[in-house]
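Along the sequence shown, residues are numbered consecutively beginning with 1.
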Amino acid sequence: MMLLEETRAILADLIAFPTISSDSNLELIAYAADRLGALGARISVMRDDSGRKANLFATLGPDTGGGIVLSGHSDVVPVADQEWSSDPFTLREAEGRLYGRGSCDMKGFIAACLAVAPRYAAAELRRPVHFSLTYDEEVGCLGARHLVDELAAQDIRPAVAIIGEPTGMKIIEGHKGCCEYTTVFTGLEGHGSLPHRGVNAVEYAVRYVSRLMELREELKRDAPRDSRFDPPHTTVQVGRLIGGVAHNVIPGHCVLDWEMRPVRHEDRARLLAAMEAFARDSLLPEMRGVAPEAAIVTHVIGEVEGLVPASDNEARAILSELTGANDAGVVSFGTEAGLFQSLGMSVVVCGPGSIEQAHKPDEFVSLDQLDACLAMLLGLERKLAG
């Protein structure tokens with residue numbers, strides 16, 4: 001119970017840092033670095049180009065390869081336009097639940113790791129344990145991409161990664177990728193009575209969307225027969241289309257936000273190539289026949305790798321032993337796990353709380369879930385020191 005109370009106190013501190021992705025996370029990173037550094041951890045803080053964001057990579061145990069990474073992202077989604085029952089950045093406890101922004105996604109897991117860290121520091125670990133805190137997961141896993149690049153450059157090769165996203169402490173061995181794009185259409189404004197003298201950016205955007213929807217149907221029909229995902233196929237979704245200023249003005253500018261969640265890496269390449277060819281061969285020649293400066297430009301907002309289920313997965317074997325679970329599932333939401341897998345690690349996603357609470361007002365994690373997470377982490381300590 002004392003360890004659970006310590007976890008609760010740390011979670012209160014973490015929630016008090018308003019680490020919305022648009023803002024800095026440096027105070028939270030300094031807080032975690034101070035706690036782990038005081039235990040003798042080897043600390044690496046990796047700042048982004050702006051200097052306002054940072055990853056933390058801290059290590060306890062022997063200075064060898066083959067370690068285990070406990071990873072969580074430090075950023076949270078905004079609370080604007082949400083109706084909370086209390087201050088989202090002040091922890092509130094009620095009926096066995098801890099409320100606050102980030103409580104389950106995913107500061108609860110981070111708090112549990114920091115609470116257990118003194119046990120790891122005092123143990124004679126046979127393998128190193130790495131604590132990884134990243135920035136900007138919610139806007140494209142930017143921090144994790146930076147982190148794995150740094151680990152590769154420094155030839156740091158952990159063997160296992162546990163990503164503590166909220167799964168109800170169930171073991172997740174696979175998830176789809178998440179790819180977000182913004183396509184900008186530049187046409188030529190004009191009077192609505194003379195459409196032949198302008199290039200209607202909105203109309204070309206609509207045709208672009210129509211082609212996306214055609215390809216979406218092809219991907220539905222081409223779902224892998226053994227797919228375990230719901231839905232089983234790669235999905236394509238239009239999130240926002242903005243353009244035009246008035247009824248009688250030909251819009252010269254339009255912005256389209258869209259996403260794709262591939263079940264296979266090749267689905268992403270296939271769809272992007274098809275859309276590039278459609279813009280190049282069909283839309284742009286028509287647009288530039290009227291306005292040579294017309295353009296269609298797609299910006300990559302984020303391309304997060306999926307987590308591919310592996311038949312030989314040490315992370316899954318370890319978590320199965322520690323939790324008693326005999327199976328592992330897949331989910332459709334994305335995490336940083338695929339990036340760690342790309343570095344050659346065995347990876348699973350397993351953490352306290354429910355994804356159903358993430359991003360919502362009155363987000364919470366239950367004390368029971370934190371207790372289960374602590375039991376798993378203490379089991380890991382005994383396994384590594386045994």
Side-chain angles (χ1 to χ4, degrees), residues 71 73 134 137-142 144-145 147-149 152 159-163 165 167 170-183 208-239 256-281 298-317 319 327-350 355:
S71 185
H73 62 80
T134 58
E137 186 271 350
E138 299 288 5
V139 291
C141 295
L142 306 182
R145 194 174 300 277
L147 175 65
V148 298
D149 288 346
V160 169
I162 300 169
I163 315 300
E165 290 277 6
T167 67
K170 295 179 180 178
I171 303 170
I172 300 301
E173 63 176 346
H175 66 68
K176 294 183 180 182
C178 183
C179 306
E180 298 180 342
Y181 305 97
T182 294
T183 302
Y208 189 94
V209 169
S210 295
R211 180 59 179 148
L212 274 176
M213 297 303 97
E214 291 174 358
L215 292 168
R216 180 174 71 179
E217 294 306 307
E218 291 182 14
L219 290 168
K220 281 184 182 180
R221 294 190 294 269
D222 194 30
R225 291 186 178 181
D226 60 349
S227 176
R228 296 157 59 194
F229 292 105
D230 179 23
H233 52 82
T234 292
T235 59
V236 180
Q237 194 262 149
V238 173
L256 169 67
D257 292 336
W258 60 284
E259 69 158 22
M260 166 178 33
R261 295 183 181 253
V263 297
R264 297 170 293 206
H265 298 319
E266 55 264 32
D267 284 353
R268 178 178 70 184
R270 169 182 163 188
L271 186 139
L272 290 177
M275 292 310 301
E276 181 182 1
F278 179 64
R280 180 187 66 241
D281 300 335
T298 294
H299 302 278
V300 177
I301 305 304
E303 290 181 325
V304 179
E305 301 291 341
L307 176 61
V308 180
S311 57
D312 183 15
N313 188 331
E314 184 186 1
R316 183 183 61 218
L319 266 292
D327 59 356
V330 300
V331 294
S332 293
F333 65 83
T335 77
E336 299 170 329
L339 290 166
F340 287 91
Q341 189 179 55
S342 72
L343 206 59
M345 301 185 210
S346 295
V347 186
V348 292
V349 184
C350 182
I355 196 66

Legend entry - Non-neighbouring partners of Glu276 that pass salt bridge (Lys or Arg N to Asp or Glu O under 4.0 Å), sequence neighbours left out: none
Inset, instruction - Could I get the full list of side-chain hydrogen bond (donor to acceptor under 3.5 Å, both in side chains) partners for Thr134, not counting sequence neighbours? - result: Glu336
Inset, instruction - Any chance you could lay out the side chain to side chain contact (heavy atoms under 4.5 Å, CB included) test for Asp222 and His233, step after step, and finish with the verdict? - result: CA-CA 7 Å; Asp222 194 30; His233 52 82; over 6 Å; no
Review item, side-chain donor-acceptor pairs of residues 299-307, under 3.5 Å, at least two apart:
{"unit_1": "Glu303", "atom_1": "OE2", "unit_2": "Tyr181", "atom_2": "OH", "d": "2.7"}
{"unit_1": "Glu305", "atom_1": "OE1", "unit_2": "His265", "atom_2": "ND1", "d": "3.4"}

Legend entry - Distance (rounded to the nearest 0.5 Å) between His73 NE2 and Leu147 CG: 14.0 Å
Inset, instruction - Applying side-chain hydrogen bond (donor to acceptor under 3.5 Å, both in side chains), name anything that partners Glu173, two or more places apart in sequence or on another chain. - result: Arg228, Arg316
Inset, instruction - Tell me, please, which residues at least two apart from Ala317 pass side chain to side chain contact (heavy atoms under 4.5 Å, CB included). - result: none
Inset, instruction - Determine whether more than 12 heavy atoms belonging to other residues, nucleotides or ligands lie under 6.0 Å from atom CG of Asp281. - result: yes
Inset, instruction - Taking all non-hydrogen atoms of both residues into account, name the closest pair between Asn313 and Val347 and its distance. - result: ND2-O, 3.2 Å
Legend entry - Qualifying residues under side chain to side chain contact (heavy atoms under 4.5 Å, CB included), relative to Leu215, sequence neighbours excluded: Arg211, Glu218, Leu271, Ala274, Met275
Legend entry - For Pro224, side chain to side chain contact (heavy atoms under 4.5 Å, CB included) partners two or more places apart: Asp226, Ser227, Val263, Arg264
Inset, instruction - Please determine if Lys176 and Asp267 form a salt bridge, counting it only when a charged side-chain N lies under 4.0 Å from a carboxylate O. - result: no
Legend entry - His175 and its side-chain contact (heavy atoms from CB on, under 4.5 Å) partner, picked from Val308, Ile163, Val331: Val331
Inset, instruction - Can you sort out the partners of Tyr208 under ring-ring contact (aromatic ring centres under 6.0 Å, His included), two or more places apart, ordered by chain and number? - result: Phe185
Legend entry - Shortest non-hydrogen separation from Cys178 to Pro262 and the atoms involved: N-CD, 4.3 Å
Legend entry - Straight-line distance of Met260 CE to Arg268 CZ, nearest 0.5 Å: 7.0 Å
Inset, instruction - Please identify each residue that fulfils side chain to side chain contact (heavy atoms under 4.5 Å, CB included) with Leu319, with sequence neighbours left out. - result: Ile162, Ile171, Thr323, Val348, Cys350, Met376
Inset, instruction - Check side-chain hydrogen bond (donor to acceptor under 3.5 Å, both in side chains) between Glu180 and all other residues, then give those that pass, not counting sequence neighbours. - result: none
Inset, instruction - Return the set of residues passing side-chain hydrogen bond (donor to acceptor under 3.5 Å, both in side chains) with Glu259 (not counting sequence neighbours), or none when no residue passes. - result: Arg261
Inset, instruction - Report yes or no: does Arg216 contribute a side-chain atom to a donor-acceptor pair with the main-chain N or O of Val236 at less than 3.5 Å? - result: yes
Legend entry - Atom pair SG/CZ of Cys141 and Phe340 - distance to nearest 0.5 Å: 9.5 Å
